[in-house]
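Just passing along the structure, written as structure tokens.
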Amino acid sequence: MPAKGKHRRPKSQRFARSIAVAGTGGAALALPFMGATGAHAATSQSVSEKAVQSLPVSQKSAEKTAAKKDAAKTSTVRVYSVRAGDYLSKIADEQNVSGGWKKLYADNRSAIGDDPSLIHPGLKLSIGKKARTSTTKTDSSASSSSSKAKKTQKAESKSSSKSTAATQSSAATSSSGYTLPVTGATIGTGYRVAGSMWSSGYHTGVDFVVPTGTSLKAVAAGTVVSAGWGGAYGNQVVIKLNDGYYAQYAHLSQLSVSAGQTVTEGQQIGLSGATGNVTGPHLHFEIRTTPDYGSDVDPVAYLRSKGVAVG
């Protein structure tokens with residue numbers, strides 16, 4: 001019997017009963033607890049493993065989707081770098097531009113400018129349906145390319161100037177600031193030679209016989225008014241000389257200057273070639289009173305009047 005006035009704590013009875021149950025159940029009751037814990041742990045582990053395994057799959061799926069989008073963009077938009085002898089209609093035909101050269105020009109007008117015939121090697125053109133939306137990138141790329149081209153031209157100009165200075169005594173130059181358009185060349189077809197092959201009925205300039213790739217020089221200081229495709233003249237450069245006359249160089253294989261650029265006497269403006277309506281490589285050279293066809297004067301007489309020996 002318990003002592004009078006003292007009470008047993010219910011907690012002890014519950015604890016004893018719990019111990020008894022554990023004692024009567026033995027390991028048998030321990031097994032369900034272990035099994036339940038194991039099952040719960042297995043379930044958690046399985047879910048965790050599945051989550052971890054599913055993560056790379058999601059990433060791969062996202063990467064594939066991104067790759068497809070990039071491929072789609074690449075397939076619809078391309079960048080074409082203009083090469084020597086190119087003109088818009090030729091590029092449009094070769095690149096299968098829907099809408100022809102007019103569409104190509106419309107998509108790249110900000111890079112080309114107001115005259116679609118004035119394109120130069122190295123100019124970047126966007127080709128594709130999304131060409132308009134990528135104008136900013138194309139323009140910046142074209143601007144960067146143009147900047148690099150100008151730096152290259154300056155380097156070439158310095159090199160050309162040094163070379164010219166070293167050979168001026170033997171290259172028929174004068175102290176008046178004028179020189180021949182090409183060094184060491186002979187004249188093939190002279191000025192005003194009659195012939196049905198010319199729309200005017202006569203030859204409007206003189207042809208210097210030179211192989212493709214020969215360096216062509218500005219006969220005097222001036223400003224380039226046009227540089228690009230000139231139809232029957234092929235790739236051409238027209239320079240307004242400081243005395244007000246205009247010098248035209250035709251059938252070039254490569255242009256070294258662009259419209260608006262100032263040039264000095266003897267500076268390289270391009271390389272000779274056989275573009276346009278020709279039978280072989282040569283330089284067609286004209287002196288004009290305006291930049292337009294039909295205002296020609298005798299180029300040989302003009303150069304001689306400036307103290308330059310020709311022929």
Side-chain angles (χ1 to χ4, degrees), residues 84-85 87 115-120 172 178-259 263 265-311:
Y87 46 96
D115 191 340
S117 67
L118 300 184
I119 60 173
H120 56 82
Y178 287 80
T179 186
L180 285 170
V182 61
T183 302
T186 58
I187 293 177
T189 305
Y191 179 61
R192 283 272 177 177
V193 172
S196 59
M197 71 283 292
W198 297 297
S199 58
S200 61
Y202 66 90
H203 196 220
T204 54
V206 292
D207 290 346
F208 288 93
V209 181
V210 287
T212 297
T214 304
S215 178
L216 306 179
K217 301 177 292 184
V219 294
T223 303
V224 179
V225 295
S226 67
W229 186 253
Y233 285 118
N235 291 319
Q236 67 168 353
V237 172
V238 178
I239 302 172
K240 182 178 182 179
L241 305 175
N242 288 344
D243 66 354
Y245 282 86
Y246 294 80
Q248 183 216 24
Y249 304 73
H251 310 307
L252 279 63
S253 63
Q254 183 175 320
L255 305 178
S256 301
V257 294
S258 56
V263 294
E265 175 213 349
Q267 179 176 333
Q268 179 175 298
I269 56 90
L271 301 178
S272 62
T275 58
N277 187 15
V278 297
T279 56
H282 68 277
L283 166 66
H284 174 83
F285 178 74
E286 291 187 21
I287 293 293
R288 300 171 175 176
T289 57
T290 74
D292 303 319
Y293 173 81
S295 62
D296 54 273
V297 297
D298 187 342
V300 173
Y302 172 83
L303 291 173
R304 286 174 177 168
S305 71
K306 302 297 183 180
V308 180
V310 184

CD1 on Ile287 to CG on Asp243, rounded to 0.5 Å: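 Spacing of CG (Asp243) from CD1 (Ile287) equals 8.0 Å.
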Which atom of Val263 lies closest to which atom of Ala220, heavy atoms considered: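 The answer is CG2-O, 4.3 Å.
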Gap separating the NE2 atom of His284 from the NE2 atom of His282, nearest 0.5 angstrom: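 Reported to 0.5 Å precision, the distance equals 7.0 Å.
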Ile187 to Thr189 - nearest heavy-atom pair and separation: CG2-O, 3.8 Å
Close side-chain approach of Val237 and Val257, heavy atoms under 4.5 Å: yes
Min side-chain heavy-atom separation Ser215-Val182 under 4.5 Å: no
Lys240 backbone acceptor or donor facing Thr223 side chain under 3.5 Å: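 No, the answer is negative, given that no donor and acceptor are paired below the 3.5 Å cut-off.
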Val300 vs Val206 side-chain heavy atoms within contact, under 4.5 Å: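 The answer is yes, as the side chains (C-beta and beyond) meet within the 4.5 Å cut-off.
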Gln254 side, atom CD; Thr212 side, atom OG1 - distance, nearest 0.5 Å: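 With rounding to 0.5 Å, CD (Gln254) is 12.0 Å from OG1 (Thr212).
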Backbone N/O of Thr290 and side chain of Ser295: donor-acceptor pair under 3.5 Å: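 Side chain of Ser295 to backbone of Thr290, a donor-acceptor pair under 3.5 Å: yes, one is there.
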Check: Thr214 side chain, Ser272 main-chain N or O, donor-acceptor pair, under 3.5 Å: no
Under 3.5 Å: donor-acceptor pair, side chain of His251, backbone of Tyr233: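 Between the backbone of Tyr233 and the side chain of His251 there is a qualifying donor-acceptor contact (under 3.5 Å).
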Test item: Val310 and Tyr302 side chains (from C-beta on) under 4.5 Å apart, heavy atoms: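 They are not in contact (no side-chain heavy atoms under 4.5 Å apart), so the answer is no.
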Chi angles and distances behind the side-chain contact (heavy atoms from CB on, under 4.5 Å) call for Lys217, Gln267: CA-CA 5 Å; Lys217 301 177 292 184; Gln267 179 176 333; over 6 Å; no
CZ on Arg288 to CD1 on Ile239, rounded to 0.5 Å: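 Ile239 CD1 to Arg288 CZ: 12.5 Å, rounded to 0.5 Å.
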For Gly213 against Leu271, the heavy-atom pair lying closest together: O-CD2, 3.6 Å
Asn235 side chain vs Leu252 backbone, donor-acceptor pair below 3.5 Å: yes
Atom OH of Tyr191 with >12 non-hydrogen neighbours under 6.0 angstrom: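 Count over threshold, so yes.
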Side chains of Val238 and Val224 in contact at under 4.5 Å (non-hydrogen atoms):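 Answer no - side chains too far apart.
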Atom of Tyr249, atom of Ala218 and distance for their closest heavy-atom approach: OH-CA, 3.3 Å
Side chains of Lys306 and Thr179, donor plus acceptor under 3.5 Å: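 No donor-acceptor contact under 3.5 Å links the two side chains.
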Side-chain heavy atoms of Phe208 within contact of Leu216, under 4.5 Å: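 No, too far: nothing below the 4.5 Å cut-off.
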Side-chain heavy-atom pair Ile269, Ser256 within 4.5 angstrom cut-off: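 In short, these two side chains do not touch, never coming nearer than 4.5 Å.
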Nearest heavy atoms of Pro211 and Pro281, plus distance in Å: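 Between these two residues, the closest heavy atoms are C-CB, 4.4 Å.
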Shortest non-hydrogen separation from Thr275 to Gly234 and the atoms involved: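 Heavy atoms of Thr275 and Gly234 come nearest at OG1-CA, 3.5 Å.
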Close side-chain approach of Tyr245 and Thr289, heavy atoms under 4.5 Å: yes
